[in-house]
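Below: one structure, written as structure tokens.
Order of appearance sets the numbers: ligands from 1, and atoms from 1 within every ligand.
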Amino acid sequence: MKVKINGGTENYRTVWLDGLKVRLINQLKLPYKFEIFQCRDYQETASAIRDMVVRGAPAIGATAAYGLAQAVNSFDGKFDELGPFVESAKSTLATRPTAHDLFDGLDYVGRAVMAAGGLDDAKTQSIAASCRYADESAQRCRKIGEIGQKLIKDGARVLTHCNAGALGCVDYGTALAPIRFASGRGIFVWVDETRPRLQGARLTAWELAQEGINHSIIADNAAGYFMQNGEVDIVIVGADRIAKNADVVNKIGTYEKAILAKENGIPFYVAAPTTTIDKTCACGKDAIIEERTTDEVLFAEGPDKRGVIQKIRIANPASSAKNPAFDVTPAKYVAGIITEGGII
Ligand code: MRU
């Protein structure tokens, strides 16, 4: 990912390992401030995932993989006690229930650790496996970009929901990868703001601006208007979990965009690596949908005139709220799933 700092351009991944510290682009500070967050141990890495310092399915998968390597390297018991410790560290790191990649990253490193011949070997293998997982994750997204760009016609107007960009992955993005690859062809992106946490308005818009890709942020409830008026040519979103029957679990609001796309004859694509596919999940209804704090609905956050971040209530003080973070889009609304291996 290219980030413009003081007029120059630097390349960053969303997450990386620095010695035994996990470093992350702090997504809680964007778009107002570009800051690197540091997790000194696996408990801090678990908190960073839970608190959404890092978010997005492939990004939390790689972060959890690094976190498990931190855990294994902190272990000072006997080798035959390592198995139970790894299981408990995996549960500590699995702080969000919906994105399948989180569990995939943990299992990947867990398998490498369990195949080791001794404790020192397990420590070395955990670091090697976590770095390999992150590299492979970035390459999967690059392939999704190469393959998916072919679906985007020159000058197309693409609608996307949430942030399925490089920030939600190790690099490139899922839904934004094809958009990045097609960016030289005069395309335009409609960015759903994505209430309540505004991943679209804050993160996707920031990424597109960094890359110089034309875009406009729209209110979540405006997508139908633009579709009906013939101003959307294709919809591409990411996914947090894909069931065996191809139902797609993604950020809340995805389902209604899919129905609107079908109604208006617009192809609706999902871009996701195969690590997002959960072969044990028969259909979308089997996935656990994360419920987040209702503060996300009842309050808004942003900088005041002095640049100080303020949290203000935006809803009736006497009212409560509900905040499911994801919904299920039935497979019948999905034109195709763009994976690193091709379009399913
Ligand atoms: O709650 P979040 O911000 O982690 O949700 C992220 C999404 O729903 C993304 O669309 C998804 O992970 C797609 S791939 C980056």
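A salt bridge links D295 with K311; the closest basic N to acidic carboxylate O contact falls under 4.0 Å. Ion pairing of R292 with E290 is present here, as a side-chain N (NZ or NE/NH1/NH2) and a carboxylate O approach within less than 4.0 Å.
Counting the atoms of ligand 1 from 1 in the order shown, those under 4.0 Å from a heavy atom of Q199 are 1 (O), 2 (P), 3 (O). Ligand-side atoms of ligand 1 in range of G168: 15 (C), range being under 4.0 angstrom from any heavy atom. Atoms of ligand 1 found under 4.0 Å from any heavy atom of N250 (numbered from 1 in listed order, with element): 7 (C), 8 (O), 9 (C), 10 (O), 11 (C), 13 (C). Taking every heavy atom of M52 and a limit of under 4.0 angstrom, the matching atoms of ligand 1 come to 1 (O), 2 (P), 3 (O). Numbered from 1 in the order shown, with element, the atoms of ligand 1 that lie under 4.0 Å from a heavy atom of C162 read 6 (C), 7 (C), 8 (O), 9 (C), 10 (O). Per-residue contacts place G238 under 4.0 angstrom from the following atoms of ligand 1 (heavy atoms of the residue considered): 13 (C).
When heavy-atom distances to ligand 1 are checked against a 4.0 Å cut-off, K251 comes that close through both its backbone and its side chain. Residue contacts with ligand 1, taken as heavy atom pairs separated by less than 4.0 Å, do not involve R197 at all. Proximity of R96 to ligand 1, defined as any heavy-atom pair under 4.0 Å, is confined to the side chain (atoms from C-beta onward).
Looking at atom 11 (C) of ligand 1, its nearest protein heavy atom turns out to be D240 OD1, 3.3 Å. Given atom 14 (S) of ligand 1, the protein heavy atom at minimum distance is T174 OG1, 3.3 Å.
Heavy atoms of E290 stay at 4.0 angstrom or farther from ligand 1. Heavy atoms of N163 come nearer than 4.0 angstrom to ligand 1 in at least one pair.
Checked options R142, K150, Q149; the residue passing with E146 is R142 (criterion: side-chain hydrogen bond (donor to acceptor under 3.5 Å, both in side chains)).
Of the options Q27, R55, R292, H161, the smallest heavy-atom separation from atom 3 (O) of ligand 1 is shown by R55. Here atom 13 (C) of ligand 1 lies nearest to A239 when heavy atoms of G56, A239, A57 are compared.
Taking a 6.0 Å sphere around CZ of F181, one finds it holds more than 12 heavy atoms contributed by other residues, nucleotides or ligands. A 6.0 Å sphere centred on OH of Y225 holds no more than 12 heavy atoms belonging to other residues, nucleotides or ligands.
Here the NZ atom belonging to K21 is positioned 11.0 Å from the SG atom belonging to C39, to the nearest 0.5 angstrom.
Taking all atoms of both residues into account, the shortest heavy-atom contact from I288 to P97 is CG2-CB, 3.7 Å.
The backbone N or O of R241 lies less than 3.5 Å from no partner atom in the side chain of T98, so there is not a single donor-acceptor pair.
Looking only at atom types and distance, the side chain of T280 has a donor-acceptor partner in the side chain of D278 under 3.5 Å away.
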side-chain hydrogen bond (donor to acceptor under 3.5 Å, both in side chains) assessment of Q70 paired with T45: CA-CA 9 Å; Q70 283 179 305; T45 302; 2.5 Å; yes

